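Only a predicted model underlies this, so the values are computations on that prediction, with no experimental measurement involved. Residue numbers begin at 1 in each chain, while the letters A, B, ... track the order of the sequences.
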Amino acid sequence: MNEGEATVAGNFIRQIIDGDNATGKHRGRVVTRFPPEPNGYLHIGHAKSICLNFGIAVDYKGTCNLRFDDTNPHKENVEYIESIKQDIHWLGYDWGDRLYYASNYFDRLYEIAVELIKAGKAYVCDLTADETREFRGTLTEAGKPSPYRERPVDENLELLQRMRAGEFEDGARVLRAKIDMASPNMNMRDPTLYRIRQGVIHHQTGESWCMYPMYDFTHPVSDALEGITHSICTLEFADHRPLYDWILENTSVPCHPQQIEFSRLNLEYTVMSKRKLTTLVDDGHVEGWDDPRMPTIAGLRRRGFTPESIRDFCTRIGISKSENTVQMGMLESCIREDLNANSQRRMAVLHPLKVVLTDYPKGQEQQLEVANHPQDESLGTRTVPFTGELYIDRQDFLETASKKFKRLVTGGEVRLRNAYVIRCDEVIKDAAGEIVELHCSYDPATLGANPEGRKVKGVIHWVSAKYGIEAEIRLYDRLFSQPAPDTSRDEKDFREYLNPDSLRTLTQSIVEPSLADAHPGERFQFEREGYFCVDLHQPEGSPMIFNRTVTLRDSWAKIEAQQKA
RNA sequence: UGGGACGUCGCCAAGCGGUAAGGCCCGGGGUUUUGAUCCCCGUAUGCGCAGGUUCGAAUCCUGCCGUCCCAGCCA
């Protein structure tokens, strides 16, 4: 962790670990794991878990394993595996040589299943899925025992062997733990341990298996085999903990990790479930998993977020067990803080309006040396060409305006950032009355100096018309128009809350020439506009594409809104 | 009286019986060739509610209220 990053004193999980270390529970060892199922791309909620698990490993001089929880091959593939590995590395964490798959343990898991059967603690059940549901009972009524519950050990053993041999179709039989059909905890009513999945090719084990272990069976065993000390997961698994413990207590595993639950991250104006994100991708509502509007790590990366800013976000939001919905402002604050300190400044005109300096000597050009950062000299300088024809932003000119408006108005003066003070003498309009050009004069004495005898309050940015280069600029806004699109209080599908203006593309923008050398992913502040980065998917031969990561804080926008109200 | 968990500022979140940290947001002021940054200042007499224990309670006890999760052969 860098010195600049905020540190949070502690959270309840670290307190548990401190307590364990104090009593010598794990002989001072701390081993965590991050266990994604490779059925989608990682999102900011996963980042919270990654920072927690890998962060704890770093701080306690322990280790954190990466383990793919690949027990449901139907939904999984290697593209997801690769993206997950890439995203964790990009975030700044490393699992060293501890890359595991739950499927690594399929043989061992099978042995343990046999063990459970021999101990009379598991049985093969022939009930259909529907029947199983009926027998399970309800939240308020106890379940009934399956008619196959008392199947003799030998028969169970033989049936399990035949399941493995592929003799039965999907759904024909399952292996179940024999626990308690009357338990108030649904998870303890003889949970399924194995189900049959014929004909799927598993991305790791190929066709060697036609039955796959369930999460509730696989997870505790995998944790124990890897010597995990603290198995951290989200709150919805709290009800599974008794089962997690039951598996560990009733099998011959080497240790008994402790499961600890914390609350998952919710972020306003987005969705965080893999199912919903998959829907957005599959239905074409976004360009893909790395669409800059997506809350995925890949999306945030393409949007221009830094790994540091995401880690900072994760430490700022903290870890607790309370339901929470974090405001976008929190994330934005993190990336602004990072980029403000570290990104070079450039000038870019998003909505160009031509300015002709009528008294600037014909043919004259100047190379202005300009600081790359107003507070940090170590970021150096660059040269920016100044010519008699320029572009400024249309939003920086008004024919008439209130005194609050400190930009260019007819007859008024304004400072061109890093250059001269100019005065607007004449507004040129086309037949339709649209402003097409401004004729201005400049004060040659104001380069690097304040004007004599008067104050000029406004400063606006500009680009030389002759040397500026065309660029495409993509302005992103929140993906959804509702703060909580997935907990809709009415019947609406979350997709109905998609923000139709989440992407605005500007194709006429002009950026300063030094940007021609920028490489994909490089980040800048476009002064007075926001932070932008060169898109990662830069098409050959077309104008450069810049993605807006986040705007600058804009107190003028607030004043404007107040004036209108 | 199904079970599990959670309720501290608009949003996160410390606090663990000694008199409410911090961050984000917000409001006010200052500096500024970015209406940015930066710097000051301000913002919970109160911790879901009601009782109780105590010299002292957000912290302990009791009872209510509210919210979230659980009936996949998903994870």
### Task
For A:Arg548, check side-chain contact (heavy atoms from CB on, under 4.5 Å) against everything at least two apart and list the hits.
A:Leu475, A:Phe532, A:Thr551
### Message
Taking B:C6 as the reference, what is the distance to B:U45 when you measure between their C1' atoms (whole Å, please)?
### Response
26 Å
Just the table, please: protein N/O against nucleotides 64-66 of chain B N/O, every pair under 3.5 Å.
none

### Message
For the C1' atoms, the ones on B:U59 and on B:G15, what distance do you get once it is rounded to whole angstrom?
### Response
8 Å
#### Entry: Pairing partner (Watson-Crick or G-U wobble, both distances under 3.5 angstrom) of B:U33
none
#### Entry: All side-chain hydrogen bond (donor to acceptor under 3.5 Å, both in side chains) counterparts of A:Arg528, not counting sequence neighbours
A:Asp396
### Query
According to the Watson-Crick and G-U wobble definitions, with both distances under 3.5 Å, which nucleotide is paired to B:U1?
none
### Task
With C1' as the reference atom in both, quote the distance from B:G10 to B:G18 in angstrom, rounded to an integer.
31 Å
### Query
Whole-Å distance between B:G2 P and A:Asp180 CG?
17 Å
### Identified pairing partner of B:G42, criterion: Watson-Crick or G-U wobble below 3.5 Å
B:C26
### Message
Taking only the P atom of each, what is the distance from B:G46 to B:A5 in whole angstrom?
### Response
31 Å
### Query
Quick one: A:Phe532 CZ to B:A36 C1', roughly how many Å, whole number?
13 Å
### Task
Take nucleotides 21-35 of chain B nucleotide by nucleotide from the 5' end and write B, S or -, depending on whether a protein heavy atom sits under 4.0 Å from the base, only from the sugar-phosphate, or from neither.
--BS-S------BBB
### Query
Taking only residues two or more places apart in sequence or in another chain, which ones pass side-chain contact (heavy atoms from CB on, under 4.5 Å) with A:Asn418?
A:Met347, A:Val370, A:Glu527
### Message
Does B:G52 count as syn, meaning its glycosidic angle lies within 90° of 0, or as anti?
### Response
anti
#### Entry: Donor-acceptor pair, side chain of A:Tyr391 and main chain of A:Ala348, under 3.5 angstrom
no
### Message
Between B:A50 and B:G66, how far apart are the two P atoms, rounded to whole Å?
### Response
16 Å
### Task
Could I get the full list of side-chain contact (heavy atoms from CB on, under 4.5 Å) partners for A:Arg394, not counting sequence neighbours?
A:His351, A:Leu353, A:Glu434, A:Ile435
### Message
Applying the Watson-Crick and G-U wobble criteria at under 3.5 Å, what pairs with B:A58? Answer none if nothing qualifies.
### Response
none
### Message
Any strand counts, and the cut-off is 3.5 Å on both contacts for Watson-Crick or G-U wobble. Which nucleotide pairs with B:G7?
### Response
B:C65
### Message
Output one letter per nucleotide in nucleotides 68-75 of chain B: B when a protein non-hydrogen atom lies under 4.0 Å from the base, S when only the sugar-phosphate is that close, - when neither is.
### Response
SBBBSBBB
### Task
Would you please confirm or rule out a distance under 4.0 Å between OP1 or OP2 of B:G15 and any side-chain N or O of A:Gln15?
yes
## Note on the structure
A:Ile16 CD1 to B:C16 P, in whole Å, measures 17 Å
### Same-atom distance (C1') from B:U53 to B:A58, integer angstrom
16 Å
### Rounded P spacing from B:C24 to B:U37 in Å
11 Å
### Query
Sequence neighbours excluded, which residues qualify as ring-ring contact (aromatic ring centres under 6.0 Å, His included) partners of A:Tyr123?
none
### Query
Between B:C38 atom C1' and A:Asp376 atom CG, what is the distance in whole Å?
14 Å
Would you list the atom pairs, donor with acceptor, under 3.5 Å between side chains in residues 164-177 of chain A and any protein atom, with sequence neighbours excluded?
| residue | atom | partner | partner atom | Å |
| --- | --- | --- | --- | --- |
| A:Glu167 | OE1 | A:Arg162 | NE | 2.6 |
| A:Glu167 | OE1 | A:Arg162 | NH2 | 3.1 |
| A:Asp170 | OD1 | A:Gln198 | N | 2.6 |
| A:Arg173 | NH1 | A:Asp126 | OD1 | 3.0 |
| A:Arg173 | NH1 | A:Asp126 | OD2 | 2.7 |
| A:Arg176 | NH1 | A:Asp190 | O | 2.8 |

#### Entry: P spacing across the pair B:G22 / B:C65, given as an integer number of angstrom
36 Å
### Query
Separation of A:Asn11 atom CG from B:C12 atom P, in whole Å?
17 Å
### Query
Is there side-chain contact between A:Ile44 and A:Leu300, with heavy atoms separated by less than 4.5 Å?
yes
## Note on the structure
Taken in chain and number order and not counting sequence neighbours, the residues that satisfy side-chain contact (heavy atoms from CB on, under 4.5 Å) with A:Pro220 are A:Tyr244, A:Ile247, A:Leu248
### Query
Does any donor atom in the side chain of A:Arg382 or A:Asn372 lie under 3.5 Å from an acceptor atom in the other side chain?
yes
### Message
According to salt bridge (Lys or Arg N to Asp or Glu O under 4.0 Å), who are the partners of A:Arg264, at least two apart in sequence or on a separate chain?
### Response
A:Glu236
### Query
Salt-bridged, A:Arg423 to A:Asp443, with N to O below 4.0 Å?
no
Would you tabulate the side-chain donor-acceptor contacts of residues 268-277 of chain A under 3.5 Å, counting partners in other chains and residues two or more places apart, or write 'none'?
| residue | atom | partner | partner atom | Å |
| --- | --- | --- | --- | --- |
| A:Ser273 | OG | A:Lys276 | N | 3.1 |
| A:Lys274 | NZ | A:Glu37 | O | 2.9 |
| A:Lys274 | NZ | A:Asn39 | OD1 | 2.6 |

